[in-house]
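Heads up: the structure comes next, in structure tokens.
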Amino acid sequence: MTGGKQGSGIDVALGLFSRIMIRYGYHIYGYREYHSNIMGAHSYFIVRTTETEKNSLGSKVNLAVFFDKESVFGEKNRHGELIHNGHINDVLPGGTLVIDSSFDKSGITRNDINIIQVDSTKIIYAVAARFKKGPGELAITRNVISVASSAYLMGIDPDVLMDMIKEEFKNKPVTVIETDSEIAKETMGYMSSQGIKPIMQLQKREYKGRSMYTEGFTAAALGKAIAGCKIQIYYPITPASDESIFIESHPEFGIRVVQPESELAVICMVNGAAIAGTRAATSTSGPGLSLMTEAITYAGITETPIVVVNHQRGSPATGQPTRTEQGDLSFVISQGHGDYGKVVVAPGTVNQYIEMVANAFNYAERYQLPVIVLGEKAIAQASISMDADFVRSFKESYRVDRGKLNMGKVELKEGEDYKRFKFSPDNISERIIPGNPSAVMWLTGDEHDEYGHPYEEPKNRTAMMDKRYKKDELILKELKQSEKYDLFGDPSKAEILVVSWGGATGSILDCLESSKAAFLQVKLIYPLPNEIDKIIRSAKRVVCIEGNISGQLRSYIASKTGVLIDNQILKYNGRPMKHDEVLAAIERVKKGEKKVVLNDD
Amino acid sequence: MTISLKDLDPHEMNDWCPGCGDNGILAGVKNTIVNLGIDPHKMVVVSGIGCSSKLPNFINTNGVHTLHGRAIPFAEGIKLANPELTVIIDSGDGDTYGIGAGHFISAGRRNLDIKLFVHDNGVYSLTKGQASPTLPENRKVKGIPAPNINGAINPLELALFSGYTFIARTTSYNIKEMVDLMSKAIRHKGLALVDILQGCPTYNPEFTSSQWFMQHTKPLPETYDPVVKNPSDISEANQKKRDALSMMMGDDDMNIHTGLFFQWENPDTFESRLEARHIPAAISEQIADKDNKSTIDLEKTLSSLIV
């Protein structure tokens, strides 16, 4: 764990440390916490290093490095209220805390941790003098000192550290690499000269050369690229913009990225591009999605295939821009005025982001409707080591399914108009796009006849409502089980069945072995898979775990199945669920507690 | 391509009021298509909400009737996906200059090759005649209980300041001038506005009659030259903008000019900006092979992510 003032290069330290662990042959799971602020507010990250793949963090760490007092001892606002209580409390007993030499150790009350002091100023002065720079210019390099001192304490090979500095800063001027390498060397030399002994010798494992340092938003972008998305429209919003910026930084995708004036413009442009025959998408968060509502209903009534990725954050209103929450489920399943066909899916891990975002485009075109991907900051801004072969094999297995899109000639009798909304037994009509040489098409947000002209006749209204709304049945029939839900263990045998969705998934998976629970991850949220009912009814004891206050999935399942799950574990403090707090809460539910609210930082 | 007016005949019954200016504008659009020989299959008429916005349903081209105020971004999305299409917008003054004003301004920053034909009658007719953003302050029309308490905006000035590269005004009664301006607008490479002062015999008969327009409008002076001769000459373009502004600013409503105020074939269109980044038009890309496998080559991206 490390951090400091926002703007002090904390993300870079996260990337650098993660790369070292990956090069050492380990899996990483990293996550950052920051304020909605550019400079000055407190920000930190944790990287969990493991031999097998993990998808969440624990509540405490073995090693923490901080060079500012506020990070270590906590911070209060001008009213004397706590901003945070200091990361000294986050170190496990027996763990190590590295702090600056300038700190007065006498205030430290913990005697169960190992405290090491590093003179970061001295290191910076020494390197600054060598490069004839002012020390102020190198103040930012405390991020590298954090990583280098951690590497030293973990017994990391200095050559690997130097290689990873080159890798992390490969797009920066060569002088940055030179100074940062020198800072790293100086740090390691300093620690050695002070007689500080490494706390461990991290074993080097085989590195197959295929691990990608990947964040959730990168995975979403890769899913879009694989699906053949060619237009991404976005309006800046935390934590979703990262995805669009990543796409625009990779012109090899051939995706046109446009940032227009508002979320209203965004979603209308996406509709327009989809109408014209392109796989088109956007990426946003709660407030943006709220603004997009009317035009999402337009995609619903005009049966236009659009994909919207909602990386949820704390809500309502501006809520908690930089924090996580699973608060949008109820909103998304009933988004907009009136009823229409739609699909809502919720990936639970970074890997699932790729698959489910790519599949979203097939659903959109096959069923001709809007598809909402309910992502979450807990996944979008989590970083993992992803095997490139996982992406390659997913891409190899993926099939582009454009449904009843007809790019060729349409058979029409003399004087006959094309029917974009022709009634058909499966409720899906042939779709053409403007530019078709044999026919023209009409769309309208009004209720319409089969041609797409406004039409208010009651029987037609009923038939059109049925056509759009009853796509549900076809979707539930056609989707594979793995697209609808994942089930771990046998709910009828396990002491408890955990039901969950989205960002809570990682922490539940990571404590599954210890909790001995069966686990149902609902992936297809809307329409709700019929199987859910039976699975829940087969279990002895059920708990629904989700990151919101009202238990949105629980209420939704009850409304569809008539089963109100007895027990709940909820978290709504803006922070992701930790695997150990989830485990403890499951144990409490097993012992009879009906509702546990988690509140770890 | 040879197109006749009959080819464009609607299969839908037009339900505008008798004498509505929308009929004149529909005639203008159809005659423009015939005049330019545009293939109706390769054309899309996009509209918002309101009487005017029913127009796509009354013409035999591709038609996309969208949401209130949102015709512009829909049209931009269509054009971004397929630059080969001729994309025009037929929407009202409330739609374009009121609820959709943000889009109207921002479209100027992009200069996409789309054409706005704005039906401008000063009222929201379909909701029974409330004041639109172009209804002058203190003007009393049928649908409002008291004279208009809001001031009016001048859409041409707004377009000029926003970056529109073609700005014109006509009336729904002058089909000849309308067809001429619409044709020029479509031939123009870039974002074009034709503001069409339009008769609403039901809710604003007093200030939008043929007679009222005859008394209050006049063509731009013959000596006035709106066209920037050297498109890469910014100072000429700026001078022409200043000239246009003085023609747009009426001191009273007795001398409303019609005609072409400003035209600058600025080569800096949005499509050219995207082409400069070598990102081809979306529709032209083959996204799947014959086995429906994704055609994207991810290796470059993956290797940039591999540690």
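Sequence lines set the chain letters: A, B, ... in the order given, protein chains first and strands last, and positions in each chain run from 1.
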Inset, instruction - Under the side chain to side chain contact (heavy atoms under 4.5 Å, CB included) rule, what do A/M212 and B/L302 come out as? Steps first, then yes or no, please. - result: CA-CA 7 Å; A/M212 307 186 302; B/L302 297 185; 3.5 Å; yes
Inset, instruction - With side chain to side chain contact (heavy atoms under 4.5 Å, CB included) as the test, would you mind laying out the steps for B/I279 and A/K230 before giving the verdict? - result: CA-CA 9 Å; B/I279 303 183; A/K230 291 296 167 202; over 6 Å; no
Inset, instruction - Could you go through the side chain to side chain contact (heavy atoms under 4.5 Å, CB included) check for A/R402 and B/I287 one step at a time? - result: CA-CA 10 Å; A/R402 309 204 68 181; B/I287 65 168; 4.0 Å; yes
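Using a 4.5 Å cut-off between heavy atoms, A/E396 touches chain B through backbone and side chain atoms alike. If you measure heavy-atom distances from B/A71 to chain A, you find no contacts under 4.5 Å at all. In this structure, chain B has a heavy atom under 4.5 Å from the side chain of A/E167, while its backbone stays farther away. Contacts between B/S303 and chain A at a heavy-atom distance below 4.5 Å are absent for every atom of the residue. Of the atoms belonging to A/H453, heavy atoms from both backbone and side chain fall under 4.5 Å from chain B. Interface residue B/E299: only side-chain heavy atoms are found under 4.5 Å from chain A. Within the 4.5 angstrom heavy-atom criterion, only side-chain atoms of B/L85, from C-beta onward, approach chain A. Neither the backbone nor the side chain of A/M386 comes within less than 4.5 Å of any heavy atom of chain B. Only the backbone of A/S211 comes within contact range of chain B, with at least one heavy atom under 4.5 Å from a heavy atom of that chain.
Inter-residue side-chain proximity for B/S304 and A/H250 is flagged as met; some heavy-atom pair is nearer than 4.5 Å.
Across every non-hydrogen atom of A/E248 and B/R277, the tightest pair is OE2-NH1, 2.8 Å.
Taking chain A as the reference chain and counting heavy-atom pairs below 4.5 Å, the highest number among B/K79, B/E285, B/K300 is found for B/E285. Contact count versus chain A (heavy atoms, under 4.5 Å) is highest, among B/V44, B/N82, B/L274, B/T295, for B/L274.
Between the side chain of B/S294 and the main chain of A/I226, a donor-acceptor pair closer than 3.5 Å is present.
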